[in-house]
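Quick notes on the structure that follows.
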Amino acid sequence: MVSNLAGGRPPRHGVEPGTQLGALEAYAAQAHGYLSAGGEQLSQLAGLLRPAVLESWLRSVRGGVDPMDTLDGRGLRGADLQRYRDAHPIAALMPLIDKLLVQDTARTGLIVAVSDQFGRVLSIHGSPEHVTAAAEIGLRAGDDLSERRIGANAVGLVVRTGRAAWIHGPEHYLHRMHQLTGAAAPVHDPDGRLVGVLMIAGGVRVAKPEILALVKAASTAAEMDLLLTAMRAGQHGSAHRSGHQDADDAVAAGRLGLDVLGLGQPLLTIAGDRVPLSQRHAEILLLLAEHQEGLGADHLALLLDDTDLDNGTIRAAMSRLRAVVGPTVFGSRPYRLRVHVATDIEALRAALDSGDVDAALRLYAGPVLPRSTAPGIVDLRDELRVRLRTAVLSSGDTAVLRRWTAAAEGRDDAAAWAAYRSTVDRDSPLYAQIEAKIRVLDRRLGADATRMQRSGS
């Protein structure tokens with residue numbers, strides 16, 4: 001699927017797809033030799049790879065990505081992937097993507113991969129035989145294509161830089177992806193946030209300039225669709241648009257999502273549109289999503305406030321919530337959701353269940369509704385944090401532990417710093433830096449306290 005290796009001068013900076021492919025392959029092959037040798041030989045990479053690819057490789061080296069990495073079972077699968085995909089903003093764009101990319105591309109022997117803003121593959125489209133062939137090298141729905149997970153690849157570069165990218169054959173950091181060429185482009189929302197990545201992948205044909213132009217045109221069309229949707233919502237009033245009709249349509253299509261992680265305002269996704277929620281409404285929806293069997297008014301009151309909520313207050317809160325999401329989303333006696341609400345907590349748990357701690361950590365935008373003091377939410381917040389922290393500490397993954405200790409919740413986590421230290425070479429300058437941080441924590445918290453943390457107390 002890649003061209004024969006050929007000689008020539010090193011590829012120029014800013015080389016476009018379709019040019020000097022033989023040189024790209026030849027020099028990338030040499031670069032892999034230096035990569036295998038490691039140590040001082042890594043300094044030879046600079047003259048062999050395009051700048052963006054070189055930077056990606058060096059980040060992968062620092063992050064401990066193994067270029068000989070083999071396929072494993074990590075990733076979202078089955079019902080967990082389906083729920084996550086259906087609740088994602090990209091779901092509303094799929095008819096457009098199908099029309100612009102999928103229908104024609106599938107007939108040419110290429111495949112289309114649609115990923116989320118983190119590089120998680122939401123769906124793969126193409127003929128069955130080509131989709132199967134792609135899966136054998138690690139391009140599967142539910143897999144994590146982020147640079148942190150698999151090194152240089154087109155989707156990972158787009159996630160990292162927010163700009164269109166292409167990667168050809170052995171420019172991929174992982175050996176198992178050397179038979180692949182990918183051209184990818186970002187999809188941004190009207191506020192400029194990355195919401196997804198579109199990629200055309202296949203053999204050497206994908207290295208043609210018109211393929212990158214095609215996927216960039218499709219991503220631009222998707223961004224325009226998001227902009228027009230936002231403009232229509234603004235013209236008609238967001239509150240009205242997010243009411244009964246949209247909720248009813250979303251129920252029928254099974255597309256409701258709830259984002260409650262981190263300091264931002266809780267958001268409800270209805271048929272691709274994001275609607276801000278009050279904290280109380282987010283608490284109620286999350287508790288109902290966590291208790292599929294339903295909650296009586298008394299039980300719900302205790303989970304929201306263990307002191308002074310009566311049934312009348314609960315009924316009033318539920319009435320106001322119905323005005324936001326529509327009358328068909330949940331029933332009463334007991335209060336129970338009539339439709340699945342896909343939460344970001346659910347996606348995080350699925351990543352933990354599959355053993356993908358790196359993906360779980362990226363999905364963890366912060367504590368569950370951090371401003372909430374509702375007993376049911378506090379318990380959920382603590383349960384999720386403990387589970388994630390346990391997975392991080394037991395991962396033995398240098399990159400994962402680095403990210404956790406760099407985040408607010410892990411910055412003073414002595415046990416995490418000790419676990420991080422155990423993954424680093426004693427002769428590395430990083431080891432000395434970690435040692436210094438642990439000594440700071442010993443002084444700040446007291447040696448006894450940090451010893452208790454490290455022992456899991």
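Between Leu361 and the options Val400, Leu348, Leu352, a side-chain contact (heavy atoms from CB on, under 4.5 Å) holds for only Val400.
The salt bridge (charged side-chain N to carboxylate O under 4.0 Å, His left out) analysis of residues 120-137, with sequence neighbours excluded, yields the pairs Arg120-Asp356. Residues in residues 397-410 take part in these salt bridge (charged side-chain N to carboxylate O under 4.0 Å, His left out) pairs, two or more places apart or across chains: Asp358-Arg403, Arg385-Glu409.
How far CG of Leu286 is from CG of Asp344: 8.5 Å, rounded to the nearest 0.5 Å. Separating the CG atom in Leu174 from the CD1 atom in Ile137 is a distance of 10.0 Å, to the nearest 0.5 Å. Here Ile150 contributes atom CD1 and Arg148 contributes atom CZ; the two are 13.5 Å apart, rounded to the nearest 0.5 Å. Residue Arg50 holds its CZ atom at 15.5 Å from OH of Tyr27, rounded to the nearest 0.5 Å. In this structure, the separation between CE on Met199 and OG on Ser219 is 14.0 Å, given to the nearest 0.5 Å.
Gln44 places no side-chain N or O within donor-acceptor distance of the main-chain N or O of Tyr34, the cut-off being under 3.5 Å. Side-chain N or O atoms of Arg59 include none that pairs as donor or acceptor with a backbone N or O of Glu147 at under 3.5 Å. Judged by distance alone, the side chain of His188 and the main-chain N or O of Val195 form no donor-acceptor pair under 3.5 Å.
In terms of heavy atoms, Ser60 sits closest to Ala152 at OG-N, 4.1 Å. Nearest heavy atom pair, residue Thr108 against residue Asp104, reads CG2-O, 3.3 Å. Smallest separation of non-hydrogen atoms from Leu76 and Ala350: CD2-CB, 3.1 Å. In plain terms, the two heavy atoms of Arg389 and Ala415 that are nearest each other are NH2-CB, 3.4 Å. What you find for Leu212 and Ala164 is that their closest heavy atoms are CD1-CB, 4.3 Å. Between Ala221 and Leu96, the shortest heavy-atom contact is O-CD2, 3.7 Å.
With contacts defined as side-chain heavy-atom distances shorter than 4.5 Å, the pair Leu93/Val187 qualifies. Looking at Leu139 and Ile124, their side chains come closer than 4.5 Å, going by heavy atoms from C-beta outward. Arg140 places a side-chain heavy atom less than 4.5 Å from the side chain of Leu71. Looking at heavy atoms from C-beta onward, Leu24 lies in side-chain contact with Glu171 at the 4.5 angstrom threshold. You'll find the side chain of His125 stays beyond 4.5 Å of the side chain of Leu110, heavy atoms only. Using a 4.5 Å heavy-atom cutoff, the side chains of Val275 and Leu267 are not in contact. Using a 4.5 Å cut-off on side-chain heavy atoms (C-beta onward), Leu258 and Thr269 make no contact. Proximity of Tyr84 to Asp116: side-chain heavy atoms (C-beta onward) are separated by under 4.5 Å at one or more points.
Judged by a 6.0 Å distance limit and a 45° cone about the ring axis, Arg411 is not positioned over the six-membered ring of Trp404.
Salt-bridge check for Arg362 with Asp144: passed, with a basic side-chain N closer than 4.0 Å to an acidic carboxylate O. Salt-bridge annotation for Asp86 and Arg83: absent, with no side-chain N of the basic residue lying under 4.0 Å from a carboxylate O of the acidic one. Residues Arg349 and Glu383 are paired through a salt bridge, judged by an N-O separation under 4.0 Å between the basic side chain and the carboxylate.
The number of heavy-atom neighbours closer than 6.0 Å to NZ of Lys437, taken from other residues, nucleotides and ligands shown, is above 12. Open room surrounds CZ on Arg163; 12 or fewer heavy atoms of other groups in view lie less than 6.0 Å from it.
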_Set out, in order, the CA-CA distance, both residues' side-chain angles and the distance that settles side chain to side chain contact (heavy atoms under 4.5 Å, CB included) for Ile211 and Val215, then state yes or no._
CA-CA 6 Å; Ile211 296 297; Val215 74; 5.8 Å; no

*Could you please spell out the steps behind the ring pair (Phe, Tyr, Trp, His ring centres under 6.0 Å) verdict for Trp57 and His172?*
CA-CA 9 Å; Trp57 277 40; His172 286 93; over 10 Å; no

_Working note: Leu21 + Thr181, criterion side chain to side chain contact (heavy atoms under 4.5 Å, CB included); need CA distance, chi angles, decisive distance, verdict._
CA-CA 11 Å; Leu21 290 185; Thr181 299; over 6 Å; no

_Would Asp382 and Arg387 count as a salt bridge (Lys or Arg N to Asp or Glu O under 4.0 Å) here? Give the steps._
CA-CA 9 Å; Asp382 292 343; Arg387 186 179 175 194; over 6 Å; no

*side chain to side chain contact (heavy atoms under 4.5 Å, CB included) assessment of Arg444 paired with Asp412*: CA-CA 10 Å; Arg444 184 188 306 164; Asp412 294 330; 2.8 Å; yes

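Looking only at atom types and distance, the side chain of Thr132 has no donor-acceptor partner in the side chain of His130 under 3.5 Å away. A side-chain donor-acceptor contact under 3.5 Å links Gln103 and Asp98. A side-chain donor from one of Gln117 and His88 sits under 3.5 Å from a side-chain acceptor of the other.
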